[in-house]
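Report on the following structure.
The basis for the numbers below is simple: all heavy atoms, side chains too, and nothing from hydrogens, waters or symmetry mates.
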Amino acid sequence: MQKGNISVQTENIFPIIKKFLYSDHEIFLRELISNAVDATTKLKALAARGEVKGDIGDTTIEVLIDEKDKKLIIRDKGIGMTEEEIKKYLNQVAFSSAQEFLEKYKEESSIIGNFGLGFYSSFMVADKVEVVTRSYQKEATGVTWACEGDPEYTLAENDKKERGTDVILYINQENEEFLQSSRIEQLLSKYCKFLPVPIKFGSKTEKVTEGEGEEAKEKEVEVDNIINNTKPAWSKQPTDLKDEDYLSFYQELYPFSSPPLFWIHLNIDYPFHLTGILYFPKLGNNFEMQKNKIQLYSNQVYVTDDVKDIVPEFLTLLHGVIDSPDIPLNVSRSYLQADTNVRKITGYITKKVADKLGELYKNDKEGFEAKWNDVGVFVKYGLISDEKFYERALPYTLVRNVDGEYFTVEAYKEKIKGHQTDKYNKIVLLYTNSPDSHDSFIQAAKAEGYDVLVMDNVIDNHFMQQLEYKMQDITFVRVDSDTVDNLVQKDEKKESVLNEKQQNEVKEVFEKAVTEEGGAVVLKALSPESQPVTITRPEFLRRMKEMQALQGNQFGEFPDSFNVVVNSNHPLIAGKLLRKRSEEGKAELAEYLYKLALLDQGMLRGSNLTAFIRKSLDFLK
């Protein structure tokens, strides 16, 4: 038996590995299985070149638990190692055999490993690690390497007959969770679900049918529990896949989810390697719940689901997989490091998404409109946050009016500009975020010949703000932000039928009726057919308040202000109210009309609503 010291820069490397190198101890399993996959991939590459003679046989990787002796074993049937290779690769921390192999055979194989430190992650969970290996080479003998988490190691021959490597971890007391089958299965599913070499973890029971017709019988059989899909959809050519293949893979990624709207298959070799499938899920209004569902892989090894450095913020709403060996990772493969490749990949993904959406709109406008409720979230989010996407996507960005008609933004501007251009030469886009609540306002606007959009998504305030900023010649105005005569401001002015003294009297009566904080009484000469009293909310303050709420900010600086607009030309004001002899009668009618306006805006609640209903019933008696 030989003894020696591992070649490291400092003897303190092991405490560093155990405590600081990896953010999660569980990463060790990914690293060791990645090494096993590398060893198997190397063997296949050598066999393809004729450097390994004969059939290489079964190359399944096995994960075994020995609870009694507190051992976790990762077994591969790959290339194995000679004594010299062990000395070279295991005794020189941070020298990766995968890196050297890549240099030699980079055209013929896909090797996962990038860091020699990966193997040493095993010491985060083990007091002792043994490597029992035998090289594929004909004259090679088996070798056992052992180390107890310090720079000393032992090296001895063994009588291993088969090619390959067993990495045996003697799990320490603090990490005995990794001796539980359920925990290991969970980690295998998380990190190794799509590795390119079959991975076996125990066995499972399956039902099979024997015989045919009436003689057919079902029986249970024990089969290998293979935990991974070695050929996931993204690793295949798009021409080899049907729609059902993409939908099936989506269910594999996100079981029990609603089917996606459509998808994009990414496949590029230059100037970087990148494959993947991005799915557009059905979002509705709950887009925050849908974020961070894209998984990043490197040669089919799971890395992270935090892809904000690769995928633009607005596309984190997408689901799916991105796989690229060209994305730089730090030594623990946990965090992305920004460089020019990452920026190119970000630009490529943005362009692919924009082009796909444009193609869908061009080829099937009706189908695109039908999906707009979900697709619109991506597009609007992109227009707000990404300049290049704004330029590409604006031509197929849609708006919908209360009648269910869809228009591109430019087409809609052309439709309404004749009747909805104000005195400042701005096109006024009227909208509602709640058609049912604003029905009386919508009907009043329609009676004036105006068109009203529906803007009811949580992101719409920001979307409108962005369009106003970019286009300069438009402004969005909510239908309840002012009286109908002032939604599209003109120079025309109606005269009041009341004189100044009567107007002051009406204003005083209503100011006593308006007890809520933030309410301001305003008299306006409107059409006699308009409402006697209307509650309006100033567009700017209300929109700022809603945008701050979306960002999770407090908005005490934006009070809940509203105007109580009294129509001085309405018969109930100009006639009935002023004809009442008692102040009590005037106050009672003013309060009733005010409460009616609050009810129309959904602002009458609780005990005030109950009292109003009682009063209304009394009027009917």
ask   = How long is the span from the CG atom in L274 to the CG atom in D323, to the nearest 0.5 Å?
value = 8.0 Å

Pair E222-S203, side-chain donor/acceptor within less than 3.5 Å = yes

request  = Using a strict 4.0 Å threshold on nitrogen-to-oxygen distance, state whether R134 and E162 make a salt bridge.
outcome  = no

request  = Quick one: pull up CD in E185 and CD1 in I65 and give me the separation to the nearest 0.5 Å.
outcome  = 9.5 Å

message = Between K193 (side chain only) and E252 (backbone N and O only), is there a donor and an acceptor less than 3.5 Å apart?
response = yes

task = With T350 as reference, evaluate D386, I345, V311 under the side-chain contact (heavy atoms from CB on, under 4.5 Å) test and give the passing residue.
result = D386

query = If only atom types and distance count, is the side chain of S324 paired as donor or acceptor with the main-chain N or O of H273 below 3.5 Å?
reply = yes

Pairwise distance CG(L46) to OG1(T41) - rounded to 0.5 angstrom = 11.0 Å

Derivation of the side-chain contact (heavy atoms from CB on, under 4.5 Å) call for H462 and Y381 = CA-CA 9 Å; H462 289 274; Y381 202 170; over 6 Å; no

request  = Compare all side-chain heavy atoms of L29 with those of L188 and state whether any distance is below 4.5 angstrom.
outcome  = yes

task = Can you see which heavy atom on K352 is nearest to which on I264, and at what distance?
result = O-CD1, 3.9 Å

ask   = Do you see a donor-acceptor pair shorter than 3.5 Å between the side chains of D460 and N457?
value = no

ask   = Does the ring-ring contact (aromatic ring centres under 6.0 Å, His included) test come out yes or no for Y254 and Y279, once each step is laid out?
value = CA-CA 11 Å; Y254 313 105; Y279 293 92; 7.4 Å; no

query = Any donor-acceptor pair under 3.5 Å linking the side chain of N225 with the backbone of F201?
reply = yes

ask   = Do T82 and V143 have side-chain heavy atoms sitting under 4.5 Å apart?
value = no

inquiry  = Is the shortest side-chain heavy-atom distance between W263 and D243 below 4.5 Å?
reply    = yes

ask   = side-chain contact (heavy atoms from CB on, under 4.5 Å) between F280 and K371: does it pass, once the steps are laid out?
value = CA-CA 10 Å; F280 286 72; K371 296 182 177 82; over 6 Å; no

key: salt_bridge(K71, E130) N-O dist < 4.0 Å   = no

message = Within the 4.5 Å heavy-atom criterion, are E148 and D127 side-chain neighbours or not?
response = no

query = Does E244 offer a backbone N or O that forms a donor-acceptor pair with the side chain of S248 under 3.5 Å?
reply = no

message = Please check: side-chain N/O of N158 versus main-chain N/O of K160, any donor-acceptor pairing under 3.5 Å?
response = yes

ask   = Are any non-hydrogen side-chain atoms of L241 and H265 less than 4.5 angstrom apart?
value = yes

ask   = Is any side-chain heavy atom of V63 less than 4.5 Å from a side-chain heavy atom of L72?
value = yes

key: Between Y191 and E26: side-chain donor-acceptor atoms closer than 3.5 Å   = yes

key: Polar contact flag, side-chain donor to acceptor under 3.5 angstrom, D76-T40   = no

key: Between T60 and D58, a side-chain donor and acceptor under 3.5 Å   = yes

key: V321 and F249: CA distance, side-chain angles, deciding distance, side-chain contact (heavy atoms from CB on, under 4.5 Å) verdict   = CA-CA 10 Å; V321 168; F249 182 59; 4.2 Å; yes

task = Please check if atom CD in Q180 has more than 12 non-hydrogen atoms from other residues, nucleotides or ligands closer than 6.0 Å.
result = yes

key: Closest non-hydrogen atom pair between E85 and G80, with its separation   = OE1-O, 3.9 Å

key: Criterion side-chain contact (heavy atoms from CB on, under 4.5 Å) on C192 and I33, from CA distance to verdict   = CA-CA 8 Å; C192 310; I33 291 180; 3.9 Å; yes

query = Nearest heavy-atom pair of A393 and L383: which atoms, and what distance?
reply = CB-CD1, 3.6 Å

task = For residues L317 and P281, report the shortest heavy-atom separation together with the two atoms involved.
result = O-CG, 3.5 Å

Close side-chain approach of Y297 and T275, heavy atoms under 4.5 Å = no

key: Side-chain donor-acceptor contact under 3.5 Å, S257 with Q251   = no

key: Donor-acceptor contact below 3.5 Å, side chain N228 vs main chain L195   = yes

Expected output: side-chain R30 to main-chain Y302 donor-acceptor under 3.5 Å = yes

inquiry  = Less than 4.5 Å apart, side chain to side chain, heavy atoms only: is that true for L318 and F378?
reply    = yes

query = For K231, does the NZ atom sit with more than 12 other heavy atoms under 6.0 Å from it, leaving out its own atoms?
reply = no

T133 (side chain) donor-acceptor with M81 (main chain) under 3.5 angstrom = yes

note = What one should report as the nearest heavy-atom pair of Q300 and P232 is NE2-CD, 3.6 Å

key: Interatomic distance, I227 atom CD1 to K190 atom NZ [nearest 0.5 angstrom]   = 14.0 Å

message = Between F119 and W145, is the ring-ring contact (aromatic ring centres under 6.0 Å, His included) condition met? List the steps.
response = CA-CA 13 Å; F119 165 74; W145 177 93; 5.6 Å; yes

message = Can you tell me how far apart OG1 (T397) and CZ (F463) are? Round to the nearest 0.5 Å.
response = 6.0 Å

is_close_aromatic(Y246, Y250), centroid dist under 6.0 Å = no

task = For G78 and R163, work out which heavy atoms get closest and say how close.
result = O-CG, 3.0 Å

remark   = When rounded to the nearest 0.5 Å, the distance separating CG of L315 from CZ of F389 is 6.5 Å

inquiry  = In this structure, is the centre-to-centre distance between the rings of W234 and F194 below 6.0 Å?
reply    = yes

